[in-house]
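If you're wondering where the values come from, they're calculated on a predicted model, not measured in any experiment. Counting starts at 1 for both ligands and their atoms, following the listed order. Positions are given from 1 along the sequence.
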Amino acid sequence: MTEALPPIPPGTLPIAARAPGKCIVFGEHAVVHGAPELLFAIDLETQVFVRPATTTQLNGDVDAVPRHPYFSRALASVWADGPPIDVRAVSRIPRAAGLGSSAAFVAALVAALGSATGGIDRPTLARRSFQVERGAQGVGSPGDTTAVVGGGFLAVNGGPGAPLWTVEDGARQWEVRRVTDPGWVWVVAHSGIPRSTADAVRSVGERLARPDGPSLLAQFREVAEAGLRAVERADRSEVAELLSRNQQLLREVGVSHPRIEELLRAAAPAADGAKLTGAGAGGSIVALPAPGKETELVRRLARAGGLPFVVRPAPEGAGLLEPPR
Ligand code: PMV
């Protein structure tokens, strides 16, 4: 049976909403080209507070509309005829780190504004959030926005059973399915190197357009499909092995970074497996700690100059912080 995710109910301003960040386990970049991706919502979140105002503003910035493409596109998408609003956003998700800070901001804001305009069902919230992110970024897949709207573990273009929803963009269509959480604790660590998702996606696109591109994409697909099956059967050693294979492919398409490689080396003695997560070229790593070595792993990553977080899958996707009035 397909799980029915609850809609965002109608409410009136002021409204507070939240959305989790995300961590990609397998398949970043390749998902943009239609291959499978496995990712989960993490228990670091962004909260937005929306109330009526005389001038539209974001965190006190009255010039946010021209300056902040995610904000302006979200307003254009769901608040085109709405009155001025004051939006405050707070987040524990590091920015430009590959952990879904922009997707969480967009999904929380669209959830709040969707509530204020009569409520919004979850597939529509996922599609709108993707359109906003895609419009602001210019490239990319619906993976990040899907994870933060759906919560828990999700597969894009793979996985068992009927899709929760599909997202289309021109000729491409992505299907989203629920994957069972194996119940593990994960560690992510930000390298401190900010980067542009759009630049990384474009450079991988150029790399995959070369003669060996199709064979590389086939390998990404194979690793993600095997990874999905391994996570479904909670096979830790297989997942660990596939994390390393996925990292090798990401190196080959040019999105690792010397700081990422340093963090991976620092993690190795305390991790079953690790790889970069997100667009790479800086950003973050995800590691599966060796059982009992979670604290050692965090210490190693911090000593190597990373910003580590122990994360668990957040079962709930974007939603209101309080019941609607
Ligand atoms: O923006 P990031 O670092 O979370 O990267 C998202 C993952 C990509 O596959 C590289 C891009 C996408 O839109 O799927």
Side-chain angles (χ1 to χ4, degrees), residues 19-42 44 46 69-70 73 91 93-107 126-127 129-150 154-158 167-170 172-176 188-208 216-217 220-221 223-224 227 246-247 249-257 259-260 263 275-286 307 309 311:
K22 59 86 213 188
C23 171
I24 301 173
V25 181
F26 296 112
E28 54 271 271
H29 285 292
V31 67
V32 176
H33 305 275
E37 179 181 55
L38 175 73
L39 72 178
F40 63 90
I42 58 177
L44 299 176
T46 294
Y70 295 94
R73 292 206 178 242
S91 184
I93 310 166
R95 291 171 74 160
L99 298 175
S101 62
S102 46
F105 170 73
V106 168
R127 290 185 193 114
S129 301
F130 169 58
Q131 283 156 6
V132 169
E133 195 189 53
R134 175 71 193 249
Q137 216 167 254
V139 288
S141 81
D144 289 14
T145 38
T146 280
V148 310
V149 167
L154 292 163
V156 179
N157 292 340
V167 183
E168 281 168 28
D169 175 49
R172 202 168 291 293
Q173 177 177 302
W174 292 269
E175 291 182 345
V176 178
V188 295
H190 181 26
S191 65
I193 311 282
R195 80 290 175 277
S196 149
T197 298
D199 290 349
V201 168
R202 285 198 189 94
S203 85
V204 171
E206 282 161 24
R207 178 67 189 84
L208 292 178
L216 273 170
L217 191 58
F220 272 104
R221 181 180 290 279
V223 166
N246 200 154
Q247 173 61 21
L249 290 170
L250 290 161
R251 277 185 198 116
E252 279 175 45
V253 296
V255 288
S256 196
H257 183 280
R259 290 288 299 130
I260 290 288
L263 292 182
K275 62 179 266 297
L276 71 80
T277 185
S284 298
I285 67 157
V286 55
L307 176 64
F309 298 90
V311 292

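- Proximity to V31 (heavy-atom distance under 4.0 Å) selects the following atoms of ligand 1: 9 (O), 14 (O).
- Residue contact annotation: R134 has no non-hydrogen atom under 4.0 Å from ligand 1.
- Contacts between V204 and ligand 1, counted as non-hydrogen atom pairs separated by less than 4.0 Å, are absent for every part of the residue.
- N246 places a side-chain N or O within donor-acceptor distance of the main-chain N or O of G27, the cut-off being under 3.5 Å.
- Proximity of a side-chain donor or acceptor of K275 to a complementary backbone N or O of V286 within less than 3.5 Å is not detected.
- Taking every heavy atom of E28 and a limit of under 4.0 angstrom, the matching atoms of ligand 1 come to 9 (O).
- Of all protein heavy atoms, the one closest to atom 1 (O) of ligand 1 is T197 OG1, 2.6 Å.
- Of all protein heavy atoms, the one lying nearest to atom 4 (O) of ligand 1 is K22 NZ, 2.5 Å.
- Close contacts of ligand 1 with G140, meaning ligand atoms under 4.0 Å from a residue heavy atom, involve 13 (O).
- In this structure, atom 5 (O) of ligand 1 lies nearest to the protein heavy atom A279 N, 3.2 Å.
- Neither the backbone nor the side chain of H33 has any atom closer than 4.0 Å to an atom of ligand 1 (non-hydrogen atoms only).
- In this structure a side-chain-to-backbone donor-acceptor pair under 3.5 Å is missing from R259 to G282.
- Across V156, V201, D144, V255, heavy-atom proximity to atom 6 (C) of ligand 1 is greatest for D144.
- Residue-ligand proximity, G278 to ligand 1, at heavy-atom distances under 4.0 Å covers atoms 3 (O), 5 (O).
- For the pair K22 (side chain) and S101 (backbone), a donor-acceptor distance under 3.5 Å is absent.
- Nearest protein neighbour of atom 13 (O) of ligand 1, counting heavy atoms only, is S141 N, 2.7 Å.
- Between the T145 side chain and the A103 main chain, no donor and acceptor come within less than 3.5 Å of each other.
- Summary of contacts: the protein heavy atom closest to atom 9 (O) of ligand 1 is H29 N, 2.8 Å.
- Taking both residues in full, the closest heavy atoms of L39 and G143 are given as CD1-O, 3.4 Å, listed atom of the first, atom of the second, then distance.
- Protein heavy atom closest to atom 3 (O) of ligand 1, with residue, atom name and distance, is R195 NH2, 2.3 Å.
- Looking at heavy atoms from C-beta onward, R251 lies out of side-chain contact with L276 at the 4.5 angstrom threshold.
- Between the side chain of R73 and the backbone N or O of G135 there is at least one donor-acceptor pair closer than 3.5 Å.
- A donor-acceptor pair under 3.5 Å is absent between the side-chain atoms of T277 and the main chain of S284, judged by distance alone.
- The closest approach between a heavy atom of E133 and any atom of ligand 1 is not below 4.0 Å.
- The two residues R221 and G34 have their closest heavy-atom pair at NH2-O, 3.5 Å.
- The single protein non-hydrogen atom nearest to atom 7 (C) of ligand 1 is I24 CD1, 3.6 Å, given as residue, atom name and distance.
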